[in-house]
Amino acid sequence: MINAMTVDVEEYFQVSAFEKLIPRRDWDTIESRVEANVERILQLFDEKNIKATFFTLGWIAKRHPAMIERIVSNGHEIASHGWEHVRVTKQNSKVFREDITRTRALLEDLSGQIVKGYRAASYSIGRNNLWALDELAEAGYTYSSSIVPVHHQYYGMADAPRFAFPASEGRILEIPITTISVANWNINCSGGGWFRLFPYDFISWAIRQINEQDLQPSVFYIHPWEIDPDQPRPDGLNLKTRFRHYVNLDKTYARLERLGDDFHWGRMDEVFLAES
Ligand SMILES: [Zn+2]
């Protein structure tokens, strides 16, 4: 079975947990590290024969057009992560439509691909803003990967389906972030801080379980800053945020290599839209 590999392309200082500490107006004054980190990821994917989907911020694409070309020329899919990492829960439908339309147009321009996919900042589509899926369909997107079927402080829709389901009257496919169901409790097992926190063997067991018991592909996600233990560490972060952001950064690259050895990985559109 081919699982879906995804990268959320953003700078370390653009994560939602940093937004009070580092305001958007300061972003242009901070040293960029995203391009060098994406380059390392591209090399790893090349070595392990991985094809992937890169959910990219419009803000990043505008400043790094050559990086978009590099991603595309290596055979990967470009998809949208919104313009500047504003959670959907903080947007109304009009603002959201402008954001996803603007981002898609720029990414299509730079990549020469049709942009089919969208991932919300911090997986911020859930029970209270499912209208966002209608807006995505209207704006021409084919799929979204924005819902996490878990209970969490900032995101999640615990009763959402665990696997891909049609939404907005069948006009769009929602492909939730992969969870493993243990004792009726969904646990996020497919990337980000969870990938860094849990032992590798738990993650690989979970993916195998999903492939062999649920007969479903899993969706894995990683951020470029997660393979960058040398990133600057701003003062003033609370303990919980520090832990979530920095835990095991120095081990992520090697773990990603293992994932490449242990599973087959493809792009979202190839794994989930193959029949169309
Ligand atoms: Zn993000």
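Numbering of ligands and ligand atoms starts at 1, following listing order. Index from 1, following the sequence.
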Could you pull out the atom name of the N/O/S atom in E10 that is nearest the Zn ion (ligand 1)? OE1
Below 30° counts as parallel, above 60° as perpendicular, anything between as tilted: where do the rings of W225 and H245 land? parallel
Test log, rule side-chain contact (heavy atoms from CB on, under 4.5 Å), inputs I114 and T142: CA-CA 10 Å; I114 292 174; T142 310; over 6 Å; no
With a cut-off of 2.8 Å, does H85 place any N/O/S atom under that distance from the Zn ion (ligand 1)? yes
Mind checking whether the Zn ion (ligand 1) has an N, O or S of D8 under 2.8 Å?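 Looking at D8, which is the residue asked about, there is no N, O or S atom under 2.8 Å from the Zn ion (ligand 1).
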Cation-pi geometry met for R104 and Y118 (6.0 Å, 45°):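 No - R104 does not lie over the ring of Y118 by the 6.0 Å and 45° rule.
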Test: D159 and R127 ion pair at under 4.0 Å: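 Here D159 pairs with R127 in a salt bridge, since their nearest N and O are under 4.0 Å apart.
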